[in-house]
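Below is one structure, written out as structure tokens; the observations come after it.
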Amino acid sequence: MPGGRLTQQERQQIALGLADSLPYAEIARRLDRPTSTITREVMRNGGPTAYRADLAHRATERRAHRRRPASSRRAESVPQPHGRDAEAVAEYEETLTTVLMASGLPKMTARVLTCLFTTDAGSLTASQLAQRLQVSPASISKAIAFLESQSLVRRERDERRRDRYLVDDELFYQATIASARSNDQLVETARQGVAILGPRTPAATRLENIARFLDFISESITRAAEQAREVLHTKPETTSNDTAQPSPDHG
């Protein structure tokens, strides 16, 4: 992290920025820190409404004392392809996990999804996930079950008949459509309430407005997802360096 760990004074500046309703990017600019650093700091210490500089500083000191040796060993033990910096990758994975948690995912589920997102192959077995995250197979199984229910991962059998869990090009399209469909049930239920509570009553009007709003949002999301679907299939451009690699010499 540029500049090292956040100081207590910087955390106080973060708290003041949050009190003034400043966006994370503006707080980061004032502290000359990456926006991801501010996002992670706030979300792992209570969120924007509950963040307190003194409590955040003490909690970070405790975490550093307890976890630094294990974290360092993990970062060093995972081979990094493409010349990636292991420490930078570990830092980024922590940031992404924190952001996914802020969106509503449980911590272990967010860690599993981050692991799949940042794997070039886009797929891992349960045992590989458990090994990378240093958790039990039961924890992986529970997280995968939730991710499958939300259409965020899918499974397939490999040549050794092992289940592999994948995040593919359709992931966000499928998850977005599933989210829009979940709104449909709420729309229908809200309109059932209109009939029961009586048309033109305040409560019925409230429910009807909610139903109309969600109906419009669902239609808009579905239409936008269909229009943008091809973006998820965009492949990285091939450079001359990629295409002109020498063949390996097998002697």
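Here the structure is a predicted model, which is why all the values come from computation and not from measurement. Side chains are part of it too, since the values below use all heavy atoms of this structure and drop only hydrogens, waters and symmetry mates.
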Hydrophobic cluster membership, with links at side-chain heavy-atom distances under 4.5 Å among I/L/V/M/F/W/Y: are Leu152 and Ile221 in one? no
Side-chain (Thr222) to main-chain (Glu219) donor-acceptor, under 3.5 angstrom: no
Tell me whether Leu22 shares a hydrophobic cluster with Leu6, the cluster being built from Ile, Leu, Val, Met, Phe, Trp, Tyr side chains joined at under 4.5 Å. yes
Rounded at 0.5 Å granularity, tell me how far CG in Asp54 sits from CD in Gln8. 7.0 Å
Validation row: Leu133, Ile140 side chains within 4.5 angstrom (heavy atoms): yes
Please check: side-chain N/O of Arg84 versus main-chain N/O of Val89, any donor-acceptor pairing under 3.5 Å? no
With a 4.5 Å limit on heavy-atom distance, are the side chains of Glu208 and Arg191 in contact? yes
hydrophobic_cluster_shared for Ile27 and Leu55, side chain cutoff 4.5 Å: no
Is a donor on one side and an acceptor on the other found under 3.5 Å between the side chain of Asp85 and the backbone of Glu87? yes
Please round to the nearest 0.5 Å and tell me the distance separating atom OG1 of Thr35 and atom OH of Tyr24. 11.0 Å
Just so I know, are the side chains of Thr205 and Thr201 near enough to count as touching, which here means a heavy-atom distance under 4.5 Å? no
So does Arg212 have more than 12 non-hydrogen atoms from other groups sitting under 6.0 Å from CZ? no
Can you check side chain to side chain contact (heavy atoms under 4.5 Å, CB included) on Arg155 and Leu166, steps first, answer last? CA-CA 6 Å; Arg155 74 173 72 196; Leu166 294 87; 5.8 Å; no
Applying side chain to side chain donor-acceptor pair (under 3.5 Å), can you list everything that pairs with Glu26, at least two apart in sequence or on another chain? Arg29, Arg30
Are Met43 and Pro48 side-chain neighbours, meaning at least one heavy-atom pair lies under 4.5 Å? yes
Carefully, step by step, assess Ile14 and Leu31 under the rule side chain to side chain contact (heavy atoms under 4.5 Å, CB included). CA-CA 9 Å; Ile14 291 172; Leu31 294 177; 3.7 Å; yes
Strictly below 4.0 Å, N to O, side chains only: are Arg111 and Glu93 in salt-bridge contact? no
Do the side chain of Glu230 and the main chain of Gln227 share a donor and acceptor less than 3.5 angstrom apart? no
Between Thr119 (side chain) and Gly122 (backbone), is there a donor-acceptor pair under 3.5 Å? no
Do Ser136 and Ser139 have side-chain N/O donor and acceptor atoms under 3.5 Å apart? yes
Within one Ile-Leu-Val-Met-Phe-Trp-Tyr cluster: Met101 and Ile144, side-chain cutoff 4.5 Å: no
Glu41 vs Arg11 side-chain heavy atoms within contact, under 4.5 Å: yes
If you draw a 6.0 Å radius around CZ in Phe117, do more than 12 non-hydrogen atoms from other residues or ligands fall strictly inside? yes
Passes side chain to side chain contact (heavy atoms under 4.5 Å, CB included), Leu124 versus Arg132? Steps please. CA-CA 10 Å; Leu124 294 167; Arg132 283 173 178 249; 3.8 Å; yes
Before you tell me yes or no, could you show the steps for Leu207 and Leu197 under side chain to side chain contact (heavy atoms under 4.5 Å, CB included), namely the whole-Å CA-CA distance, both residues' side-chain angles and the distance that decides it to 0.1 Å? CA-CA 9 Å; Leu207 286 172; Leu197 296 171; 3.5 Å; yes
Are any side-chain N or O atoms of Thr109 and backbone N or O atoms of Leu105, one a donor and one an acceptor, separated by less than 3.5 Å? no
With distance as the sole criterion, is a donor-acceptor pair present between the side chains of Glu226 and Tyr173 under 3.5 Å? yes
Tell me yes or no: between the side chains of Ser123 and Arg164, is some donor less than 3.5 Å from an acceptor? yes
Flag, side chain of Glu94 to backbone of Glu91, donor-acceptor distance under 3.5 Å: no
Taking NZ, NE, NH1 and NH2 as the nitrogens, is one of them in Glu148 or Arg154 under 4.0 Å from a carboxylate oxygen of the other? no
Does the distance from a Lys or Arg side-chain N to an Asp or Glu carboxylate O, for Arg33 and Glu10, drop under 4.0 Å? yes
Over 12 non-hydrogen atoms of neighbours within 6.0 angstrom of CZ in Phe172: no
Decide whether Tyr165 and Glu156 meet the rule of one side-chain donor and one side-chain acceptor closer than 3.5 Å. no
Can Val99 be reached from Leu18 by stepping across I, L, V, M, F, W or Y side chains whose heavy atoms are under 4.5 Å apart? no
If you count every heavy atom of other residues, nucleotides or ligands that lies below 6.0 Å from Arg200 atom CZ, does the total exceed 12? no
Would you check if the side chain of Ser218 reaches a backbone N or O of Asp215 as a donor-acceptor pair within less than 3.5 Å? no
Hey, does the side chain of Ser182 reach the backbone of Ser179 with a donor-acceptor pair shorter than 3.5 angstrom? yes
